[in-house]
Number of protein chains: 2
Amino acid sequence: MLNSYDTEDKVLLAVDCIIFGFDKEDLKILLIKRDFEPEKGKLSLIGGFLKKSENLDDAATRILNHLTGFQDIYMEQLYAFSEVDRDPVERTISVAYYALINVENHTEELNQDYDAKWFSVENAPKLIFDHDRMVRRAISRLRYRTATKPIGFELLPEKFTMRQLQKLYEAILSKKLDKRNFISKINSLDVLVKLDEKDMLSSRKGSYLYKFDQEKYMEKSTQNFSLNL
Amino acid sequence: MLNSYDTEDKVLLAVDCIIFGFDKEDLKILLIKRDFEPEKGKLSLIGGFLKKSENLDDAATRILNHLTGFQDIYMEQLYAFSEVDRDPVERTISVAYYALINVENHTEELNQDYDAKWFSVENAPKLIFDHDRMVRRAISRLRYRTATKPIGFELLPEKFTMRQLQKLYEAILSKKLDKRNFISKINSLDVLVKLDEKDMLSSRKGSYLYKFDQEKYMEKSTQNFSLNL
DNA sequence: TTTAATAAGTGTTAAAATCACATTTTTTTA
DNA sequence: TAAAAAAATGTGATTTTAACACTTATTAAA
């Protein structure tokens, strides 16, 4: 059956995922050694192709789950990369997504069939194709997101200290923050619950653990706010 | 020649353009009556398909130029829309772009072969497919952009009054602004040049015309800044 | 020619937000 | 019991933001 679209070009649509993780100190990204030509053996983002039967969000979720085993992950569409020669094999447009996860909770479930490893975002290795550009754009989006959504929490374990939360924001924004000012700004968001429990690993005194107030957190995630750190 | 991508699905990649214009009072978008089935006769964004030989930015520019005659227009990629059934004819992913133009300067050069007309963004008509969603997302991006780039200027004639600039920002943000505060914030951006000329159309006293300082403007457009209105 | 009308132009002040900054507390281990 | 280590906590100065009203320049009408 003919239709007016029949003379148009069709292309491959890739989905590449920038997976951010945090391990108490540094912001990391998950990379794999590409196991097919071209650029076999080089480092690459986790990626795959869109199927006709799914939308891009679903494809991103499927690809992430397939290559890592991760489920229920925060993902957001980033940008479509479309330079004509970006993939030497064939004309491919790639829609990048970024995801946020907590390294600790997810490292054991990492699917070992694929050689995925965490790399620090600072001094990251060179990636194939235009994947470096994707990472740079993802970082810049992530920085913006911290100012509009309570996003950083996705990267932390369920219970965490203020210090850890601050380290996370410092890693994302790549700058030092003042402890007292940070705490009062975070508290003013009104999404945290202070627990009676202390974390005794980091100091002799021990530091209080926090978790978020699920309800308030969901509320703030759907609204917009402004957090200037 | 076979390669590892051969078993993957290929899809049509559309590019749809949200073209914002400003006519001294209201923020508008340019729409066309679709002249082919399905949904023939209904209102739609300006769109077309990506060719294998071009990237998305080039496709957006080509499509805009072809359907309107406009050239040298500010465009920015917005988002990829990919619901499986978004286009009933065939699986199509659409990457939306938005553009900003000055209605006055461009209405005469509007290509009359296509039945393109300006519609107010407030009380806009219902559009085909998911084009309404695209418009909503474009407005929200545009609002954000006003806070980070000297973007609004693309929508004004070369010489304009402070009043016109304020009206533009009011239309984009959909709220009233204080005249004195607005002027001082704009001036602090340091991109405007006050001319000796006055616009005598709007009042008996006449109001000074401004243009931008090209050099400073370009500087600020590439940097980021923060303008809270 | 005087007056009425119209939008333009212009500063100040109070309130709120931001930033810089240092000491005390708790606990463990030597 | 003293020393060490990180946690916890508040204030004051500065900057930014927001609210607010009268005077000026000009033209058209009386």
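Quick note on labels: first sequence line is chain A, next is B, and so on, each numbered from 1.
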Considering only side-chain heavy atoms of B/Lys205, which listed nucleotide, D/dT9, D/dT24, D/dA7, is closest?
D/dT24
Minimum heavy-atom separation for B/Ile151 to B/Tyr169, with atom names?
N-OH, 4.5 Å
Does anything in residues 193-202 of chain B form a salt bridge (charged side-chain N to carboxylate O under 4.0 Å, His left out)? List the pairs, not counting sequence neighbours.
B/Lys159-B/Glu197
Identify, with sequence neighbours excluded, every residue that meets side chain to side chain contact (heavy atoms under 4.5 Å, CB included) alongside B/Glu219.
B/Gln223
Enumerate the protein-to-nucleotides 16-18 of chain D contacts in which both atoms are nitrogen or oxygen and the separation is below 3.5 Å.
| from | atom 1 | to | atom 2 | distance (Å) |
| --- | --- | --- | --- | --- |
| D/dA18 | OP2 | B/Lys185 | NZ | 3.2 |

Quick check: closest heavy atoms across B/Ile32 and B/Leu45, and the distance to 0.1 Å?
CG1-O, 4.0 Å
Cation-pi geometry met for A/Arg137 and A/Tyr79 (6.0 Å, 45°):
yes
Will you find, in the side chains of B/Glu215 and B/Tyr217, an N or O donor that is under 3.5 Å from an N or O acceptor?
no
Tell me if a side-chain donor or acceptor on A/Ser203 pairs with a main-chain N or O of A/Gly206 at a distance below 3.5 Å.
yes
Answer whether the closest heavy-atom distance between the side chains of A/Leu127 and A/Ser44 falls below 4.5 Å.
no
For a quick check under 3.5 Å, do A/Tyr74 and A/Glu154 share a side-chain donor-acceptor pair by atom type?
no
For chain B, the stretch of DNA chain C it reaches, first to last nucleotide, under 4.0 Å of its heavy atoms
C/dA5 to C/dG11
For the rings on B/Tyr144 and A/Tyr144, is their centre-to-centre separation under 6.0 Å?
yes
Using heavy atoms and a sub-4.0 Å distance, could you list which residues of residues 143-153 of chain B are near DNA chain D? By number, please.
none
Would a line drawn from the ring center of A/Phe160 to the ring center of A/Phe212 be shorter than 6.0 Å?
yes
Tell me the interatomic distance from B/Lys198, atom NZ, to D/dT24, atom P, rounded to whole angstroms.
14 Å
For DNA chain D, whose closest nucleotide is more 5', that of A/Lys179 or that of B/Gly206?
A/Lys179
Five-pair end axes of the helix from C/dT1-D/dA30 to C/dA30-D/dT1 and the angle they enclose, rounded to 10°:
10°
Is a donor-acceptor pair below 3.5 Å formed from side chain A/Arg204 to base D/dA4, judging by atom type as modelled?
yes
